[in-house]
**Student:** 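Handing you this structure, nothing more for now.
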Amino acid sequence: MKIATIFGTRPEIIKLSTLIPQLDMEFDQVLIHTGQHYSYKMDKIFFDELKLRDCDYTLNIGSGTHAQQTGKMLIELEKVLLLEKPDLVMVQGDTNSTLAGALAASKLHIPVAHVEAGCRSFDKQMPEEINRILVDNISDYLFTPDENSYKNLTCLECFPSDKVYLVGNTSVDACLRTKQLNNQEYLKSYNLEKRRYILFTLHRQENTAVDRLKEIIMALNMISGRIKVLFPAHLRTRKVILENKIEISDNIILTDPLGYNEFMGLLVNSKFIMTDSGGIQEEAAVLNVPCLILRDNTEWMYYVEMGKNMLVGTNYDKIVKVVTDLLENDSKFVEIEKIKISINQGATESIVAILKKELSNIKTI
Ligand code: UD1
Ligand code: UDP
């Protein structure tokens with residue numbers, strides 16, 4: 001049986017990194033990279049670090065508006081799928097590459113497996129929310145990462161329960177594997193000390209609109225007067241900062257995007273992280289690092305409900321208040337660290353086992 005795995009961005013590479021080698025062992029797998037992310041530090045660095053094999057196809061789609069990017073991907077993906085004729089297409093997450101992969105396949109009547117299905121922020125202003133809803137609705141195997149996402153599909157959206165699997169998230173498998181490599185070596189290059197700095201990332205479309213970004217950075221500048229801040233900037237964010245000459249305080253260490261091992265090493269040793277990333281919210285919870293979410297909603301509500309992660313939003317006063325309160329009350333960190341959460345390990349193995357069983361059924365029909 002042949003599986004075509006389609007992806008194109010940093011988080012997809014990381015979250016598929018445990019699955020790709022396993023699928024190679026069990027199936028004839030074709031790896032198709034849309035080229036949505038292409039700069040070394042958003043793409044190839046992860047293939048090198050995570051020891052992933054070369055892709056069979058790289059489509060070099062690059063950046064553009066949503067329509068340009070998704071449209072070009074559809075055109076190129078259709079050609080490859082017609083040539084390769086896979087029995088199943090696998091996509092991950094909620095990016096334009098995810099949508100294009102699922103749509104190109106379903107129009108050719110190729111079954112689609114969606115890893116990280118059922119996540120909902122219930123905010124259609126996010127391009128990712130639109131992608132998730134559409135991809136779930138054209139997928140045949142929906143691999144959900146947690147109970148909330150499982151219930152979103154089976155209870156709220158009435159998907160047939162035999163299509164929906166609660167398997168956990170492959171990002172947890174990747175994170176736990178990398179955790180073993182973590183040490184404090186990475187801190188030295190930035191002159192940082194364990195628990196005496198915070199990590200900050202930001203890249204969402206809605207947060208990189210100039211006025212919103214200025215407000216968030218103003219809050220960060222203020223916070224950096226009290227504690228060191230390391231800010232590995234996504235290239236989208238870096239571009240908006242440079243083009244609009246947004247001032248960054250000298251107490252903030254602004255860097256290029258980091259490799260995964262380095263990022264994990266810096267996350268696990270930080271006092272807390274402030275981010276609007278989806279994947280980092282879960283990694284922070286797994287590594288027991290408090291996470292302040294710079295958004296009004298999240299598709300990863302379980303960790304918020306448990307009190308591990310906090311929805312802070314993007315308002316200057318609110319951000320400064322929450323951070324100041326935290327920095328002045330060390331007992332709050334102890335309380336957050338003590339909260340026990342359930343972490344679903346082994347999503348990678350579960351997905352492979354389900355596909356082996358399901359695809360062998362198709363073959364014998
Ligand atoms: C995309 C996903 C988002 C995901 C994020 C992960 C969509 C709609 N968005 O957002 O869900 O969280 O990836 O990081 O699919 N750029 C570079 N080099 C690169 C990639 C991007 O310079 O390798 C710059 C370009 O200026 C580009 C901008 O970043 O225009 C945005 O890139 P794009 O892929 O459109 O969206 P992301 O913000 O990366
Ligand atoms: N990440 C990384 N280097 C960085 C920032 C993030 O390796 O400088 C990793 C992070 O550990 C996580 C993934 O990139 O696994 C998250 O990607 P991103 O925040 O771009 O996307 P999202 O998860 O929001 O879709």
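Nothing here was measured: the structure is a model prediction, and the numbers come from that model. One-based numbering, in listed order, for ligands and for the atoms of each.
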**Student:** Listing request: all salt bridge (Lys or Arg N to Asp or Glu O under 4.0 Å) pairs with a residue in residues 202-226, at least two apart in sequence or in separate chains.
**Tutor:**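 The answer is Glu128-Arg204, Arg226-Glu328.
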**Student:** Under a 4.5 Å cut-off applied to non-hydrogen side-chain atoms, are Phe27 and Leu359 in contact?
**Tutor:** yes
**Student:** Once side chain to side chain contact (heavy atoms under 4.5 Å, CB included) is applied, do any residues pair with Ala117, and if so which ones, sequence neighbours excluded?
**Tutor:**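 Ala117 satisfies side chain to side chain contact (heavy atoms under 4.5 Å, CB included) with His114, Asp136, Leu142, Thr144, Leu153 only.
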**Student:** Establish, from distance only, whether the side-chain atoms of Glu84 and Tyr57 form a donor-acceptor pair under 3.5 Å.
**Tutor:** yes
**Student:** Using a 3.5 Å cut-off on N/O to N/O, what pairs does ligand 1 make with the protein? A line per pair would be great.
**Tutor:**
unit_1, atom_1, unit_2, atom_2, d
ligand 1, 11 (O), Glu128, OE2, 2.6
ligand 1, 12 (O), His203, NE2, 2.8
ligand 1, 12 (O), Arg204, NH2, 2.8
ligand 1, 13 (O), His37, NE2, 3.3
ligand 1, 14 (O), His234, NE2, 3.1
ligand 1, 15 (O), Gln36, NE2, 2.9
ligand 1, 15 (O), Asn96, N, 2.8
ligand 1, 18 (N), Ser39, OG, 2.8
ligand 1, 23 (O), Tyr38, N, 2.8
ligand 1, 23 (O), Ser39, N, 2.9
ligand 1, 23 (O), Ser39, OG, 3.3
ligand 1, 34 (O), Gln36, NE2, 3.0
ligand 1, 34 (O), His37, NE2, 3.4
ligand 1, 38 (O), Arg236, NE, 2.6
ligand 1, 38 (O), Arg236, NH2, 3.4
ligand 1, 39 (O), His37, NE2, 2.7
ligand 1, 39 (O), His234, NE2, 3.1

**Student:** Can the ring centroids of Phe46 and Tyr260 be said to lie less than 6.0 angstrom from one another?
**Tutor:** no
**Student:** Got Ser149 and Arg120 here, is their nearest side-chain heavy-atom distance under 4.5 Å?
**Tutor:** no
**Student:** So do Leu187 and Glu193 actually touch side chain to side chain, heavy atoms under 4.5 Å?
**Tutor:** no
**Student:** Once rounded to the nearest 0.5 Å, what's the spacing between atom CG of Asp173 and atom OG1 of Thr348?
**Tutor:** 3.5 Å
**Student:** Give the residues near ligand 2 by chain and number, with the criterion being a heavy-atom distance under 4.0 Å.
**Tutor:**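 Contacts of ligand 2 under 4.0 Å: Arg10, Pro11, Ile14, Phe46, His203, Arg204, Pro232, Pro257, Leu258, Gly259, Tyr260, Phe263, Met264, Ser277, Gly278, Gly279, Ile280, Glu283.
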**Student:** Can you tell me how far the CG atom of Leu16 sits from the CD atom of Gln92, to the nearest 0.5 Å?
**Tutor:** 5.0 Å
